[in-house]
*Asks:* 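Input: one structure, supplied below.
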Amino acid sequence: MKNYILFPSYNEGLKLASLLKEEGISYTIAPTPRQLSTCCGMSIIYKDEDEDRIKKIVEDNKIGVIGFYTI
Amino acid sequence: MGDYRKLWESLQMDLEKHDALCAVLPELYDSVYLSQEDRADAMNYFNFVISEVHGLRIEELNNHRQKGGKVVGTFCVYVPDEILNALGVIGVGLCGGSQFWIEDGEKVLPRNLCPLIKAFVGAKISATCPYFQSCDLLVGETTCDGKKKAYEILAEYTPTYVMELPQMKREKDIKDWEEEIKRFIKEIENLTGKKLTYENLKNSIKLINRKRRALKRLYELRKNTPSPISGLDALLVSQIAFYDDIERFTENVEKLCDELEKKVSTLKPNNKKRLMVTGTPMAIPNWKLHHITENLNAQIVVEETCTGTRYFENEVSEEGETIDDLIRNIAQRYMKINCACFTPNEGRVEDIIRLAQEYKVDGVIYYNLSFCQPYSVEYKKVERALKDKNIPLLLIETDYSTEDVGQIKTRIEAFLEMI
């Protein structure tokens, strides 16, 4: 199982990526899996234990996300 | 995860077919790249570029063209990027590395031709590669017979210009190449309506030298035992060099090197065999040989290929008072690339032996794309020279299909046991 965050555009994805880096939260940028969307583009893979912290960062910084998914 | 459909539509792409191509990438990249352990964090930039391979970069090319800029597609490391960049052109390397395009390529080309040529022709005629669709001009070159003749077919679909590459390396040939570069400059000046200046060319030479130096730094780090970066990751960086924004790419390769430099001191010895790959280029997403090899007890530490050392070795001299001096410097640098389309090509054998020593390799894999005649004929020379130096060598001739993966794995396994 892997956790993905999807974004409306890569700008939002890159914004979150740099915030995660600042906070020392490990993440991996990956192509969006086809099961989640047929649009090409980036998504972010994260670890279970970081989910709450990441959700807070997204909220506090008003990062546009399509959603959090586990597949 | 932007919606690029409108952009692709404006490039006259076959959206339905392109969708089938897009469907392959996420899973392939996940299984080949993201499954690797202990990757550098800085590889996230390159994950990003791949994730946005038909998105962000295509948008950038489109914006450039909207502002009146031009995009030129190339197929060979001999076509001088310095000229394109100096005239404000974005150059993109277009060689195809996917099995997806082979079927369309075979509609107009013989089946017994190298997969790289079949794939790039297939990519154009199927209108499924947004890079091809973004080009104002394609620039071919007379390297092998297959490519040379394929450009005649491409020209039926899109404007194509061919540079005549000498096939020998005498003084006369270097001069001929210099003249050919001057003709190329005229062609690109006509395309852009701009005039090449000493300043522009000098700045462009400096910029591209910096990019080559960054790649050289990355390769230098691979000389450590164990190498701090997998062959797969290094190959990806080389492949992305062909189409990414030059400054952004260079900056991110430097960041990667900074991280790897720190990583080197923390690495514990492993018993993986260190291998060199020599031979034909590997265009995106051709990761087949590296993937098979690095899933065994081995690490690829250097590629003597056009998607490896041949791309970045030797810089263009920045010395010279006139534009002609700079053009001569460019001609001289490029004529040092040792491609099998030249005769004789002793320089390549010397390079392989030198790199084998510098990178302390346990063995060499001679990678030959099926039906690539210049490289397959040159194999004998390389085999003899490496035998004299007691460097183990394995010949793998293959294409982009997955049919022979099991067989190649068995052969590499046996090779690793033997060395």
Side-chain angles (χ1 to χ4, degrees), chain A residues 1-59 61-71, chain B residues 1-8 11 13 15-16 18-60 128-131 233 236 240 248 252 255-256 259 284-285 287:
Chain A
M1 298 292 266
K2 272 184 184 165
N3 307 309
Y4 291 89
I5 312 170
L6 269 57
F7 304 91
S9 79
Y10 63 82
N11 292 316
E12 300 297 316
L14 288 182
K15 251 190 260 172
L16 180 62
S18 71
L19 289 166
L20 295 180
K21 201 174 179 186
E22 272 172 36
E23 294 289 326
I25 298 172
S26 72
Y27 65 91
T28 305
I29 296 179
T32 303
R34 291 290 282 191
Q35 299 100 297
L36 297 178
S37 169
T38 52
C39 287
C40 287
M42 70 166 283
S43 59
I44 284 183
I45 300 176
Y46 63 94
K47 288 188 197 135
D48 280 334
E49 61 262 35
D50 296 323
E51 182 157 315
D52 292 339
R53 276 178 77 197
I54 296 174
K55 281 186 170 163
K56 192 168 180 328
I57 293 170
V58 166
E59 208 169 296
N61 295 279
K62 299 193 173 57
I63 305 282
V65 297
I66 292 176
F68 290 69
Y69 304 88
T70 304
I71 54 166
Chain B
M1 204 201 54
D3 191 350
Y4 298 110
R5 263 160 226 279
K6 273 196 188 137
L7 174 60
W8 296 333
L11 295 169
M13 289 181 62
L15 291 188
E16 207 177 312
H18 176 246
D19 195 54
L21 173 63
C22 286
V24 186
L25 182 78
E27 211 176 309
L28 175 67
Y29 194 71
D30 190 86
S31 67
V32 175
Y33 274 92
L34 302 181
S35 61
Q36 297 179 92
E37 283 168 16
D38 200 25
R39 289 177 87 207
D41 289 338
M43 283 308 294
N44 262 327
Y45 172 74
F46 303 94
N47 291 343
F48 170 71
V49 176
I50 286 290
S51 304
E52 289 285 338
V53 65
H54 284 187
L56 166 69
R57 189 64 181 144
I58 298 305
E59 199 174 80
E60 288 176 345
T128 52
C129 173
Y131 289 89
D233 278 341
L236 183 71
I240 287 176
R248 184 176 59 206
N252 279 285
K255 276 186 194 161
L256 173 63
E259 185 181 339
I284 282 185
W287 304 311

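A note on names: the letters A, B, ... follow the listed sequences, proteins ahead of strands, and every chain is numbered from 1. Values below: every heavy atom of this structure, side chains too, minus hydrogens, waters and symmetry copies.
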*Asks:* Minimum heavy-atom separation for B:Pro26 to A:Pro33, with atom names?
*Replies:* CB-CA, 4.1 Å
*Asks:* Can you tell me which residue pairs pass the side chain to side chain donor-acceptor pair (under 3.5 Å) test with a partner in residues 21-32 of chain B, sequence neighbours excluded?
*Replies:* A:Lys2-B:Asp30, B:Tyr29-B:Asn47
*Asks:* Answer yes or no: does atom CD of A:Glu49 have more than 12 heavy-atom neighbours from other residues, nucleotides or ligands under 6.0 Å?
*Replies:*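 Yes, the 6.0 Å shell around CD holds more than 12 heavy atoms from other groups.
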*Asks:* What residues of residues 13-28 of chain A sit under 4.5 Å from chain B when you count only heavy atoms?
*Replies:*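 Listed by number: A:Leu14, A:Tyr27, A:Thr28.
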*Asks:* Any sub-3.5 Å donor-acceptor pair from B:Glu52's side-chain atoms to A:Met42's backbone N or O?
*Replies:* yes
*Asks:* State the CZ-CD1 distance between B:Phe46 and A:Ile29, to the nearest 0.5 angstrom.
*Replies:*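 So the gap between those two atoms works out to 11.5 Å.
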*Asks:* Once rounded to the nearest 0.5 Å, what's the spacing between atom OH of B:Tyr4 and atom OG of A:Ser9?
*Replies:* 7.5 Å
*Asks:* For A:Ile44, which atoms come within 4.5 Å of any heavy atom of chain B: side chain, backbone, both, or neither?
*Replies:*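 The answer is neither part of A:Ile44.
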*Asks:* Chain A: which of B:Asn44, B:Asp19, B:Val53, B:Leu25 shares the most heavy-atom pairs with it under 4.5 Å?
*Replies:*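 Top count of heavy-atom pairs under 4.5 Å with chain A: B:Asn44.
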*Asks:* Which heavy-atom pair separates A:Ala30 from B:Ser51 by the least distance, and what is that distance?
*Replies:*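 The pair with the smallest heavy-atom distance is C-OG, 3.1 Å.
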*Asks:* Return the minimal non-hydrogen interatomic distance between A:Arg34 and B:Cys22, and the atom names on each side.
*Replies:* NH1-CB, 4.0 Å
